[in-house]
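Position 1 is the first residue of the sequence, and the numbers go up from there.
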Amino acid sequence: ASATDENVALRTYLYLITAFLPLFYIGKYLYSSDKDINMVNMVICICAGLVALIGLTELYFGRNILYENFIFNPYYERYVKFNRRPIGTQFHPVVLGSYLLGCLPFSFGLFGKKPLCLKSLGILTSLLCAIVIILTPCRGVLLGFVALLLFYLWKRKKKRFFIVFLFCLILLITICSFPKDSNPYRFESGRIILGSDDGILSEYRLHRINMTLKASICRINMTLKILKDYPFFGIGLNHFRIRFNEYYDKATEGPEIYDFQIPDNMYLTFLAETGIVGTLAFLIFIFSLLKRGLRQLSELKDENKKYSLLILISALIGFLVNIGAYDLFYWNNPYVLFCLVCGFIQGFLEKSIVVKA
């Protein structure tokens with residue numbers, strides 16, 4: 001409705017809708033049959049395990065044949081050659097982290113399966129995914145990982161594991177608060193909350209905390225200005241970067257490079273680009289899916305079915321936390337997985353209603 005570049009807005013809309021609709025209904029169909037659920041879990045685990053292994057291999061050897069010989073990747077030199085962070089097959093560390101985050105709960109679904117090779121696949125995949133998620137290292141992905149595991153352990157009534165996991169998390173944050181110039185350091189307490197960079201209470205860190213906080217407030221203020229001008233339908237899909245300079249206060253914030261001319265938060269992206277109508281539509285869809293899923297989770301008596309639903313809701317919660325850290329829907333692979341997970345939940349819920357009837 002308000003797009004200045006209608007071609008960009010239309011292309012983005014077609015990308016989002018042509019991916020979501022078929023994948024949602026494919027996911028719905030696959031999870032409407034008990035026979036297909038194990039196969040789906042196994043396929044997702046195998047794919048995730050292979051991607052994680054490629055990421056670890058790349059991290060060890062410091063090179064990725066895929067991007068050196070076949071696909072141009074503008075992030076390759078930065079993350080593989082200099083600042084060693086795994087990319088795997090996913091083009092960017094944060095996308096790799098999101099992809100493995102979405103796949104991780106499906107490995108849990110194989111823990112109690114027979115034969116032993118399936119159980120082993122589940123355990124191995126979950127370990128690989130968790131290790132590479134930590135090594136990426138992306139704070140938004142880590143927060144999604146923490147939310148996913150805490151929800152899963154809470155619903156499984158694993159109080160000891162819940163407490164042990166919290167203790168390990170606090171220990172990890174404490175340990176990673178000390179070494180400088182290392183990737184795990186990105187997970188120390190100050191960085192997780194505000195994105196600071198160096199030693200505890202150092203002048204440089206306080207400066208970085210201030211800069212990051214200012215950047216976050218700046219993006220929120222920009223979104224509010226956009227909403228004031230375009231409250232109902234926003235400025236148009238993929239237009240935050242196009243109209244960035246109109247709403248960015250260069251006088252107080254200083255110049256911003258092209259890569260960072262984004263909200264870095266999918267919720268803010270929705271508000272700015274689709275307005276109140278688009279954001280409410282998305283939230284209604286998600287909360288409806290979550291509400292029905294959680295209600296069904298508390299009502300189901302069959303432990304196997306309950307466990308299958310818990311896996312799906314855990315994956316969705318991980319995604320919903322993760323999208324608060326970057327524009328996930330504009331990256332193909334995690335968006336595809338998000339669409340499938342939503343379809344899986346819908347298919348499972350409709351199947352449960354039919355069984356009850």
- Determine the interplanar angle of the Phe20 and Phe285 rings, folded into 0 to 90°, and report it as parallel if under 30°, tilted if 30 to 60°, perpendicular if over 60°. perpendicular

- Message: Contact between Gln90 and Val51 at the side-chain level, heavy atoms closer than 4.5 Å - yes or no?
- Response: yes

- Query: Are any non-hydrogen side-chain atoms of Tyr326 and Pro334 less than 4.5 angstrom apart?
  - Reply: yes

- Item | Donor-acceptor pair, side chain of Arg243 and main chain of Ile235, under 3.5 angstrom | no

- Item | N/O donor-acceptor pair under 3.5 Å between Glu273 side chain and Gly234 backbone | no

- Query: Can you tell if the side chain of Leu148 reaches within under 4.5 Å of the side chain of Ile317, non-hydrogen atoms only?
  - Reply: no

- Query: Any idea which heavy atoms bring Cys339 and Leu23 closest together, and the distance?
  - Reply: CB-CB, 3.8 Å

- Should the ring pair His92 and Trp331 be called parallel, tilted or perpendicular, given that the plane angle runs from 0 to 90° and is split at 30 and 60? tilted

- Using a cut-off of 6.0 Å, state whether more than 12 heavy atoms not belonging to Phe232 lie near its atom CZ. no

- Query: So, Asn265 side chain and Gly324 main chain: donor-acceptor pair closer than 3.5 Å or not?
  - Reply: yes

- Query: How far apart are the C-alpha atoms of Tyr247 and Asp229, what are their side-chain angles, what is the distance that settles it, and do they pass the side-chain hydrogen bond (donor to acceptor under 3.5 Å, both in side chains) test?
  - Reply: CA-CA 11 Å; Tyr247 292 93; Asp229 291 345; 2.9 Å; yes

- Message: I'd like to know whether the aromatic ring centres of Tyr335 and Tyr15 sit less than 6.0 Å apart in this structure.
- Response: yes

- Would you say the side-chain atoms of Ser314 pair up with the backbone N or O of Pro105, donor to acceptor, closer than 3.5 Å? no

- Under 3.5 Å donor-acceptor, Asp5 side chain and Val8 backbone: yes

- Any side-chain heavy atom of Leu104 sitting closer than 4.5 Å to one from Phe145? yes

- Any donor and acceptor pair, going by atom type alone, linking the side chain of Arg85 with main-chain N or O of Pro93 inside 3.5 Å? no

- Query: Quick one: are Leu237 and Leu16 in side-chain contact, heavy atoms under 4.5 Å?
  - Reply: yes

- Item | Side-chain donor/acceptor of Ser107 to backbone N/O of Cys103, under 3.5 Å | no

- Closest heavy-atom pair, Cys129 versus Leu100, reported as atoms and distance to 0.1 Å, is SG-CD2, 4.0 Å

- Task: May I ask you to test the Phe91-Asn332 pair for a side-chain heavy-atom distance under 4.5 Å?
- Result: no

- Test item: Thr125 side-chain N/O and Gly122 main-chain N/O as donor-acceptor pair under 3.5 Å: no

- Message: Contact between Lys306 and Lys301 at the side-chain level, heavy atoms closer than 4.5 Å - yes or no?
- Response: no

- Is Tyr76 reaching over with its side chain to a backbone N or O of Asn64, donor-acceptor style, under 3.5 angstrom? yes

- Could Glu58 and Arg63 be called an ion pair, given the rule that one side-chain N must be under 4.0 Å from one carboxylate O? no

- Under 6.0 Å from the CD1 atom of Ile65, do we count more than 12 heavy atoms belonging to anything else shown? no

- On the 0 to 90° scale, with breaks at 30° and 60°, tag the Tyr152-Tyr307 ring pair as parallel, tilted or perpendicular. tilted

- Any donor and acceptor pair, going by atom type alone, linking the side chain of Thr274 with main-chain N or O of Leu271 inside 3.5 Å? no

- Exercise: identify the closest heavy-atom pair between Asn238 and Thr12: ND2-OG1, 3.2 Å

- Between Ser98 and Leu328 the two heavy atoms that sit nearest each other are OG-CD1, 3.9 Å

- Query: Hey, does Tyr267 have a side-chain heavy atom less than 4.5 Å from the side chain of Leu320?
  - Reply: yes

- Reference residue Cys138; test side-chain contact (heavy atoms from CB on, under 4.5 Å); the match among Val95, Val94, Leu96: Val94

- Query: Given Phe282 and Phe329, is the ring pair (Phe, Tyr, Trp, His ring centres under 6.0 Å) satisfied, shown in steps?
  - Reply: CA-CA 12 Å; Phe282 172 71; Phe329 282 20; 5.8 Å; yes

- Message: For a quick test of reading the model, state the closest non-hydrogen atom pair linking Phe111 to Lys119 and the distance between them.
- Response: O-CG, 2.9 Å

